[in-house]
Amino acid sequence: MNIRITLPDGAVKEVPQGISALDIARMISEGLARNVLAARVNGKVQDAALPLNEDAELQLLTWNDTDGKKTFWHSSAHLLAEALEALYPGIKLGIGPPIDNGFYYDIDFGDYKFSSEDFAKVEAKMTELAKQENTFLRSEVAKADAIAYFTEKNDPYKLELIQDLADGEITFYQQGNFTDLCRGPHIPNTGFIKAIKILNTAGAYWRGSEKNKQLTRVYAITFPKRAELDEHLQMLEEARKRDHRKLGKDLEIFTFDDDVGPGLPLWLPNGAQMIETLETFAKKTEKEAGYQRVKSPHIAKESMYLKSGHLPYYAESMFPPMELDGERYYLKAMNCPHHHKIFAAQQHSYKDLPLRYAEYGTCYRYEQSGELFGLMRVRSLTMNDAHIYCTEAQFEQEFMAVNALYLKYFKVFGIEKYVMRFSKHDPAKLGQKYMNMPEKWQKTEEMVRKVLVSSGIPFVEVEDEAAFYGPKIDIQIWSAIGREFTLATNQVDFAQAERFDLYFTNEKSEKERPLIIHRAPLSTHERFIGFLLEHYAGNFPVWLAPRQVVVLPISDKYMDYAQSLCGFLKKYDIRAFVDERAEKAGKKIRDAEVAKIPYMLIVGEKEAGSGEVSVRKHGGTDLGSMNQLAFAELIQAETEI
RNA sequence: GCCGAUGUAGCUCAGUGGUAGAGCACUUCCUUGGUAAGGAAGAGGUCAUGGGUUCAAAUCCCAUCAUUGGCUCCA
């Protein structure tokens with residue numbers, strides 16, 4: 001009997017029932033068959049070797065498909081486990097999934113300390129096993145048999161996983177002498193895995209809970225070709241070069257000091273200049289968008305944070321209080337309570353709303369020590385904060401305007417790859433993690449979804465990630481090195497107006513609660529500048545560059561000309577300085593290149609005589625000579641944003 | 001907070017029990033030069049901190065602090 005298989009290009013093949021995706025690949029070409037890692041059958045990814053028994057849509061997955069790669073890495077995780085089990089008998093296996101770049105396996109090594117010194121040995125073993133070209137054999141196993149197998153093998157972690165599975169949905173995969181509990185799918189055989197690299201190890205709690213035992217997570221990556229591994233390692237090397245911690249040091253942006261404390265960055269003049277530039281830009285933008293600026297102190301009494309709800313919910317993340325005059329004072333972890341007090345200080349009519357209070361507010365958060373990370377996770381942070389107080393009728397428009405502001409900023413900075421995450425509450429945690437106001441949650445989450453849908457921006461919805469006072473949108477972005485984090489956030493707050501007894505007088509002369517929007521499109525200076533360093537790899541656009549122009553006199557005979565030129569540029573608000581060292585031009589150029597200064601002005605006899613400048617751009621482009629004014633105008637044009 | 005790694009000059013790093021090193025940067029001197037490193041000399045270190053072992057510790061052991069790869073967390 002024949003079945004009809006539809007390929008992605010619409011072609012239909014009549015093939016005998018029971019044929020595998022691999023067979024179909026072979027019918028198309030041997031080359032394709034050699035590269036098929038898995039198959040997507042009617043949307044579901046499965047082994048390419050499984051028989052096809054009915055009409056289906058078939059896509060052959062190779063290394064060029066994300067699911068092909070995932071299958072490859074998943075199979076590689078099995079190979080890793082096989083090698084580890086061969087080398088370290090008696091280890092117990094946790095889970096071993098593929099990740100975005102490679103895969104890992106969580107292993108209980110017992111008393112053995114697995115370290116980087118073991119890596120070469122494991123790589124060699126994996127290579128040896130891969131060369132055996134062992135087929136990944138799938139078998140369906142009854143629950144009782146599965147339990148019996150892992151009881152015999154004495155693997156408590158697998159047994160725990162099996163407990164949660166229903167009889168009839170348990171499958172094992174075997175390659176060589178190694179059998180693992182696994183849903184699959186897998187690549188045809190281990191021979192596809194040609195290049196192997198163990199990357200690092202880390203502790204990881206079993207099933208992600210800190211109540212459980214910590215296993216050793218072994219990270220690795222594999223490729224079907226040696227050259228691709230080399231390329232990947234090269235890429236990791238490049239990524240390290242643009243790490244904000246390295247660039248921040250090299251470009252003299254920020255530093256940390258043990259005497260100041262962990263997570264408390266010190267901004268060097270270059271970094272402080274960037275902060276200044278960003279603030280100037282944000283303040284102008286916010287002014288145009290109808291925000292008013294406010295200012296508030298860095299500390300407040302305990303009573304305010306009790307009122308705001310921060311203390312019961314987030315006390316652990318705040319620095320411990322200081323006591324004076326019989327009162328407990330806390331460093332602020334957020335600006336919102338202060339802004340609410342500013343709102344409360346005056347009487348408001350519905351005619352005044354929306355009110356938008358903006359502040360670059362410095363907050364202090366006691367992040368757990370293990371979570372600190374360069375500038376991205378710190379304990380003192382200055383937020384591009386604002387709170388919008390509006391009526392329910394105004395909410396939609398205000399929320400959309402905030403989203404539009406994000407997009408405007410992202411365009412300026414060339415941030416193209418991001419995901420909007422719509423973070424909702426988990427009803428089961430009302431009263432604990434979230435304010436116990438179920439109707440408000442439902443209503444505001446609906447409002448947010450409506451805005452997102454109508455604005456047409458793609459977004460994903462995630463449960464149990466809301467703020468305690470309401471749903472939010474987080475903008476997840478990837479730095480150039482592929483690290484993901486929340487850059488900006490836009491949050492609804494239906495709770496604090498109540499808690500702070502905030503109200504405005506509506507048209508019927510009644511008191512009404514405003515809705516509050518918290519927003520921070522430019523994140524914090526710390527995280528944003530950390531991101532920008534990586535995003536631009538330190539090659540900032542001229543408007544952002546802390547040092548825009550360096551004047552390089554060929555010899556000190558032309559120092560006076562260099563100084564007067566520098567003075568001229570400063571009149572145009574151009575951040576210029578003279579390299580006064582008694583070095584040769586080549587050396588000064590090299591140093592300016594390394595410092596990633598956008599423009600170099602080389603001045604010698606010719607320029608001093610004609611009153612011109614010889615312009616070199618960072619990267620080596622020679623723009624030739626021009627007069628001073630022409631250059632100043634060039635920079636001004638480039639700094640318009 | 002947890003598991004692991006790391007901590008030597010301003011920076012990048014070498015030094016595995018026996019007199020603290022290199023390159024760059026810095027200071028001084030010479031050189032006054034044309035698009036990615038001119039030359040010489042000098043200064044600079046309680047080897048993260050505190051204990052311990054040893055005739056002797058940067059080196060071995062313990063603790064603490066910091067950084068870091070992850071986990072957990074993330075207003």
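The structure presented is a predicted model; accordingly, all values stated were derived computationally and were not measured. Numbers restart at 1 for each chain; the letters A, B, ... are given by sequence-line order, proteins then strands.
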Going by the ring pair (Phe, Tyr, Trp, His ring centres under 6.0 Å) test, name the single residue among A:F494, A:F468, A:W441 that passes it with A:H425.
-> A:W441

C1'-based separation of B:rA57 from B:rG17 [nearest Å] = 6 Å

Could you work out the separation of B:rU31 and B:rG69 based on their P atoms and round it to a whole Å?
-> 50 Å

Would you say the side-chain atoms of A:R519 pair up with the backbone N or O of A:N384, donor to acceptor, closer than 3.5 Å?
-> yes

Rounded to whole angstrom units, what separation is found between the CG atom of A:L215 and the C1' atom of B:rG4?
-> 13 Å

On a whole-Å scale, what distance lies between the P atoms belonging to B:rA9 and B:rG4?
-> 27 Å

Quick one: A:D259 CG to B:rA48 C1', roughly how many Å, whole number?
-> 11 Å

Between B:rU68 and A:R245, is there an OP1 or OP2 to side-chain N/O distance shorter than 4.0 Å?
-> yes

If you measure from the P atom in B:rU28 to the same atom in B:rG51, how many Å do you get, rounded?
-> 40 Å

Mate of B:rC29 across any strand shown (Watson-Crick or G-U wobble, both atom pairs under 3.5 Å) is B:rG39

Ignoring hydrogens and angles, are the base of B:rC71 and the side chain of A:R217 linked by a donor-acceptor pair under 3.5 Å?
-> no

Send over the distance from A:K249 NZ to B:rU67 P, rounded to a whole Å.
-> 12 Å

Does any nucleotide pair with B:rU49 by Watson-Crick or G-U wobble geometry, both distances under 3.5 Å, and what is it?
-> B:rA63

Heavy-atom count around A:E638 CD within 6.0 Å, excluding the residue itself: above 12?
-> yes

For A:L372, answer base if it contacts any base atom (sugar-phosphate contacts may also be present), sugar-phosphate if it contacts only those atoms, and nothing otherwise; contact means non-hydrogen atoms under 4.0 Å.
-> sugar-phosphate

Counting any heavy atom closer than 4.0 Å, what does A:Y219 reach on the DNA or RNA strands: base, sugar-phosphate only, or nothing?
-> sugar-phosphate

For B:rU54, which nucleotide in any strand shown is its Watson-Crick or wobble partner with both distances under 3.5 Å?
-> none

Going by atom types only, do A:D108 and A:Y157 share a side-chain donor-acceptor pair under 3.5 Å?
-> yes

Which value, in whole Å, describes the distance between the C1' atoms of nucleotides B:rG18 and B:rC30?
-> 42 Å

So what does A:G309 hit on the nucleic acid, given a heavy-atom distance under 4.0 Å: a base, only sugar-phosphate, or nothing?
-> nothing

Ranking A:Y364 and A:G374 by the position along RNA chain B of their nearest nucleotide, the one closer to 5' is A:G374

Compute whether any side-chain donor of one residue and acceptor of the other, for A:K332 and A:T362, lie under 3.5 angstrom apart.
-> no

Would you kindly give the CZ-to-C1' distance between A:F485 and B:rC73, to the nearest whole Å?
-> 17 Å

Whole-Å gap separating C1' (B:rU64) and CG (A:D258) | 12 Å

Atom C1', compared across B:rA25 and B:rA37: separation rounded to whole Å = 13 Å

When the P atoms of B:rA5 and B:rU64 are considered, how many whole Å apart are they?
-> 15 Å

Select one nucleotide: of B:rC73, B:rC71, B:rG69, the one nearest the side-chain heavy atoms of A:F373.
-> B:rG69

Would a 4.5 Å heavy-atom cut-off, applied to side chains only, mark A:V460 and A:V419 as touching?
-> yes

Once you round it to whole Å, what is the distance between P of B:rC71 and CD1 of A:I95?
-> 11 Å

Distance, P atom - from B:rA43 to B:rA36, rounded to whole angstrom | 35 Å

Minimum-distance nucleotide to A:T201 side chain [options: B:rC73, B:rG4, B:rU12] | B:rG4

Minimum heavy-atom separation for A:P265 to A:E526, with atom names?
-> CG-CG, 3.9 Å

Annotated protein contacts, base or backbone, on nucleotides 33-39 of chain B with a non-hydrogen cut-off under 4.0 Å, one of B, S, - each | BBBBBB-

Is the shortest heavy-atom distance from the side chain of A:I196 to the side chain of A:S76 under 4.5 Å?
-> no

Roughly, in whole Å, what's the span from CH2 in A:W206 to C1' in B:rC2?
-> 18 Å

How do A:Y366 and A:A467 order along RNA chain B: which one's closest nucleotide is nearer the 5' end?
-> A:Y366

Are A:E465 and A:R421 close enough for a salt bridge, meaning some N to O gap below 4.0 Å?
-> yes

Cut-off 3.5 Å, side chains only: do A:Q563 and A:E580 have a donor facing an acceptor?
-> yes

Touch check for A:G470, heavy atoms < 4.0 angstrom, all strands: base, sugar-phosphate only, or nothing?
-> nothing

If pairing requires Watson-Crick or G-U wobble contacts with both distances under 3.5 Å, which nucleotide is the partner of B:rA22?
-> B:rU12

Residue matched to B:rU68 through Watson-Crick or wobble contacts both under 3.5 angstrom | B:rG4

Whole Å only: how far is the CG atom of A:L266 from the P atom of B:rU67?
-> 12 Å

